[in-house]
Amino acid sequence: MPQETDAARLQALLEGLNEPQREAVTHGEGPLLILAGAGSGKTTVLTRRVAFLLFSGQARPSEVLAVTFTNKAAAEMRGRVERLIGHGTRGMWLMTFHSACARILRAKADLLGYTRSFTIYDQADSRRMVKRCMDEVGVDHKRFTPAAVQSRISAAKNLLLSASAYRDQASGPFEEMIAEVYRRYERELEAANAMDFDDLLYRTVSLFELHPDARRDYASAFRHVLVDEYQDTNHAQYRLLQLLIGGGQQPARGEAVSIPGHRNLAVVGDDSQSIYGFRGADVSNILDFARDFPDARVVKLEQNYRSTQNILSAANAVISHNRAGIAKQLWSDLGEGTTLHVRSLPDEHAEARLIVGEIQRLLDEDLATRAEIAVLYRTNALSRVLEDTLVRAEISYQVIGGTKFYERAEVKDAIAYLSLIANPQDAVSFQRIVNSPRRGIGQASVAKVLAHAGSSDLPIWKVASVPQEVPGLGAAAIKAIARFMSTMEELRELARGGASVAELLEQTLQKTGYLEALEAERTIEAQGRLENLEQLVDVAAEFDEREDQEAEDRVELPAAEPPAAPSPDQDALPLAELAPEPAAASGLGLFLQQIALLADADARRDEEGLITLMTLHNAKGLEYPVIFIAGCEEGVFPHSRALDEGGIEEERRLFYVGITRAMRELYLTYARRRRIFGEPTASLPSSFLQEIPDELIDFEQEQERGFGFGFGGGTAVEIRPSFGGFSGGGGVRASDARRRGNGCPAPSFRLGEDVVHAAFGEGVVTAIEPDGVIVVRFAGDGSERKLIAEYAPVSRR
DNA sequence: ATCCTGATTTTTTTT
DNA sequence: AAATCAGGAT
């Protein structure tokens, strides 16, 4: 390739960048810290830097490892790098921390006593296993919840504490109990050939520490490592990076063993946006970067290209209340913009009405499109009222997070079937599906099979295949299990024979009688489940298609590497041996892995006519012209559980993240009364609101309104917005008034009755609950909702 | 073995 | 308000 073209290509990469951005993009070898304030173009810098490394011959595609936290972020980076370099990015390791680790572990699974078809347990799976271990140890559920124990174990793994190391430093009976559960939990995981999320990081570190040659292979393969959102890395990730690139350590915590390596590490992050402390993220990783690497180049990006100055001034003011981190002062040349809108409402319903009303106005007046608006909140529970109100207003929306598709029981069942086929040791999946649909195999029988597998040290599949050898199993159970396993064996043959994932899934649902059982139910509920399963088959089919496509690409473009860059590492292994894909890991395993590592944020759809609702955490890295932050109340945000142990600073950073998502308009709303755990509770505005200078704000307070409901006879209740004296009284009075205020005869509904709802359309009553509550599944979207029969606009069809 | 019901707990945030 | 769970009835 001619010299001029190269120079021109490099030049093009720097176009439109400001000075510090250029510095970051063109930095050569050695450690680099990019302190990227919100909206300062960090993804641009990251992607151009990757392209720069390739164009300047500093790295070949296969020598770049760029890690992010979500698949979405990885996909976005991939897309943008592709556009910059004009061809595919195959061969580049551009993925999440967890995917990269899963990939490494699959290639080297045997070194850790695993097979490459190990299963990845999600939090629910792992929790069930923790619970079982707690039962074994005889821990009282009333005193310690599995969730609490699980989170302790998770924290230990994030700190790279093994079960025995944890036991050695445990103090007091509580920690000793955790240590014992942890030990058993690890044993069970290994027996099941399974890993939890934390294991992916933890065991990759173990792999590299126990097998220096494996470490060396990867360390020399990746000549340049880039990390996004560095402020959210935990200790395991920190250590992993050390092992890959060599060098730095934090003497305060680490062992002072220096690891040799090229030290080509570029990290991007913002300590002010560190919001994952609860899952082990350690801000000191970014704060101490310069200490770990005294020769690091540090670049600060402070020009914000996203928000108006008013929004940035508010953000700067809020974050200044934290104990100083790394000083940054965001600025923008987009002009002052409008003031921030702070709104006080009597309760959460009024809050939702205000938000939806304002959205309606913005849409009507063409001030924004749906895709340009997002509503953020601290906890998922806050979305419910907002959703109801949006549905009534007939504004389409998407919710990120909350109840996820892949957590639906039927979807989890289907995946459990596939997991068991892929990994015959997967006891958790076995347990889940052995009696679903009902086959007459009860808890007692399952327990016997599991116990026998545990004591004989055989895979669960092997044990279940010869049920007559399980001690104490009844004749009926033996027959049922044998029948079940013969079906499973058949399916496994199918998988071995190279069936596509979609085919295998369809056959599984068919032959196990799962579909049949659902069809036999003949309820709208079951109908919805069947549709979900159809969707899952579609997902599998898409996956198969992608796989085929990639296989073709590989045939057509053998070694589509750009002109050889100088590579001193002649002995470096070709990437193919470091990654198990594609032939080695069956398509099924890869499919299961991808599903297991999906994040909520990955489900977000852009460029569609949808308002987006999500938690503040899920909003990190995103931007919207119009942002609403709901529930700005003391106890909600900052959350009451975060108020102790220094969590307030992290909450403030979360607020900072929220504010800086907004480009043009920012609404901060709070309710003076809100139902929490079903109890009406009086609340005060968030203390964070007071940290925003008055001159940046316009404030309006909506007074309490009566409960008219448009029926005419409603009794207006005057409740003064006073928080001082008592709490809850207003709420109680309000609900009394509500009960009496409506003179309509109570309509009664019967199970299975067809009904029609003013906003949700047609549906069927699937349950009757006390206090006049009915459950209706709606045909429109398959959703199931609880309604108060007396007040909801429903009638018999 | 399965179903039902009342009690208990849940709400932080998530790869 | 909603979901999960344990214990007891069938």
Side-chain angles (χ1 to χ4, degrees), chain A residues 67-74 95-102 120-124 126-128 131 141-142 145-148 151 154 157-158 195-201 229 232-234 236-237 274-281 348 376-385 388 400-404 407 409 435 438-446 474 476-477 480 596-602 614-620 631 635-644 647 650-651 653-655 657-658 674-680 767 769-771 773 775 784-788:
Chain A
V67 283
T68 60
F69 273 83
T70 65
N71 293 292
K72 191 97 183 170
M95 54 187 85
T96 66
F97 262 109
H98 288 81
S99 312
C101 286
I120 299 169
Y121 284 163
D122 68 14
Q123 210 155 352
S126 134
R127 182 165 306 174
R128 201 165 309 131
K131 183 160 179 274
H141 295 84
K142 301 261 151 58
T145 66
S151 96
S154 167
K157 287 188 182 181
N158 287 155
M195 301 196 193
D196 63 22
F197 283 142
D198 304 312
D199 278 335
L200 295 174
L201 304 170
E229 309 279 16
D232 288 329
T233 52
N234 61 29
Q237 287 159 328
S274 161
I275 55 174
Y276 284 107
F278 67 92
R279 69 169 198 221
E348 71 268 36
L376 314 181
Y377 35 79
R378 178 64 234 266
T379 66
N380 280 308
L382 261 60
S383 77
R384 194 159 286 123
V385 182
D388 285 348
I400 311 304
T403 358
K404 287 159 269 181
E407 281 175 14
N435 199 33
R438 303 258 129 85
R439 300 185 176 93
I441 305 167
Q443 262 181 343
S445 306
V446 175
L597 296 182
L598 275 182
D600 287 337
D602 299 329
M614 63 192 147
T615 62
L616 286 136
H617 283 86
N618 266 318
K620 193 177 60 150
V636 175
F637 189 23
H639 195 275
S640 50
R641 299 268 299 252
L643 289 174
D644 27 296
E650 180 152 312
E651 294 288 300
R653 291 194 291 266
L654 189 56
F655 192 53
V657 167
R674 181 183 296 277
R675 264 177 195 275
I676 297 172
F677 294 147
E679 280 294 303
E769 300 195 353
D771 293 332
V773 172
V775 183
E784 199 167 70
R785 289 166 195 277
K786 301 209 171 192
L787 305 167
I788 300 173

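To find a chain, count down the sequence lines: A is the first, B the second, and so on, and within it residues start at 1.
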I want to verify a distance call: between [options], whose nearest atom is closest to the [X] side chain?
{"X": "A:Thr96", "options": "C:dA6, B:dT15, B:dT13", "value": "B:dT15"}
{"X": "A:Thr70", "options": "B:dT13, B:dT15, B:dT11", "value": "B:dT15"}
{"X": "A:Phe278", "options": "B:dT14, B:dA1, B:dT10", "value": "B:dT14"}
{"X": "A:Asn618", "options": "B:dT15, B:dT10, B:dA1", "value": "B:dT15"}

Measure from [atom1] on [X] to [atom2] on [N] and round the result to the nearest Å.
{"X": "A:Arg384", "N": "B:dT10", "atom1": "CZ", "atom2": "C1'", "answer": "12 Å"}
{"X": "A:Lys131", "N": "C:dA6", "atom1": "NZ", "atom2": "P", "answer": "4 Å"}
{"X": "A:Arg127", "N": "B:dT14", "atom1": "CZ", "atom2": "P", "answer": "13 Å"}
{"X": "A:Arg128", "N": "C:dT4", "atom1": "CZ", "atom2": "C1'", "answer": "12 Å"}
{"X": "A:Lys620", "N": "B:dT13", "atom1": "NZ", "atom2": "C1'", "answer": "11 Å"}
{"X": "A:Asn380", "N": "C:dA2", "atom1": "CG", "atom2": "P", "answer": "15 Å"}
{"X": "A:Asp232", "N": "B:dT15", "atom1": "CG", "atom2": "P", "answer": "11 Å"}
{"X": "A:Lys72", "N": "B:dT14", "atom1": "NZ", "atom2": "C1'", "answer": "17 Å"}

Check: Would you say A:Ser640 reaches B:dT11's phosphate, i.e. side-chain N/O to OP1/OP2 under 4.0 Å?
Finding: no
Note to self: Once salt bridge (Lys or Arg N to Asp or Glu O under 4.0 Å) is applied, do any residues pair with A:Glu229, and if so which ones, sequence neighbours excluded?
What the structure shows: A:Lys42, A:Lys620
Checklist line | Pairwise P distance for C:dT4 and B:dT13, with rounding to whole Å | finding: 15 Å
Next item on the list: Report yes or no: is the ring centroid of A:Phe69 under 5.5 Å from the six-membered base ring centroid of B:dT15, with the two planes under 30 degrees?
Entry: no
Margin query: Suppose we call two aromatic rings close when their centres sit under 6.0 Å apart. Are A:Phe278 and A:His617 close by that rule?
Written below: yes
Check: If you measure from NE2 on A:His98 to CG on A:Leu201, what distance do you get to the nearest 0.5 Å?
Finding: 4.0 Å
Note to self: Just to be sure I understand the rule, does A:Tyr276 reach a base, reach only the sugar-phosphate, or reach nothing, if contact means heavy atoms closer than 4.0 Å?
What the structure shows: sugar-phosphate
Item checked: DNA chain B: 5'-proximal contact among A:Gln123 and A:Ser445 (nearest heavy atom) -> A:Ser445
Next item on the list: Quick one: list whatever passes ring pair (Phe, Tyr, Trp, His ring centres under 6.0 Å) with A:Tyr377, sequence neighbours left out.
Entry: none
Next item on the list: Apply ring pair (Phe, Tyr, Trp, His ring centres under 6.0 Å) to A:Tyr121 and list each qualifying residue two or more places apart in sequence or on a separate chain.
Entry: none
Item checked: Contacts of A:Asn435 that satisfy side chain to side chain contact (heavy atoms under 4.5 Å, CB included) - sequence neighbours left out -> A:Arg438, A:Arg439, A:Ile441
Checklist line | Results of side-chain hydrogen bond (donor to acceptor under 3.5 Å, both in side chains) for A:Thr96 - residues two or more places apart only | finding: A:Ser99
Please enumerate all protein N or O atoms sitting under 3.5 Å from an N or O of nucleotides 2-6 of chain B, with distances to 0.1 Å.
{"from": "B:dT2", "atom 1": "OP2", "to": "A:Asn435", "atom 2": "ND2", "distance (Å)": "3.1"}
{"from": "B:dC3", "atom 1": "OP2", "to": "A:Arg438", "atom 2": "NH1", "distance (Å)": "2.7"}

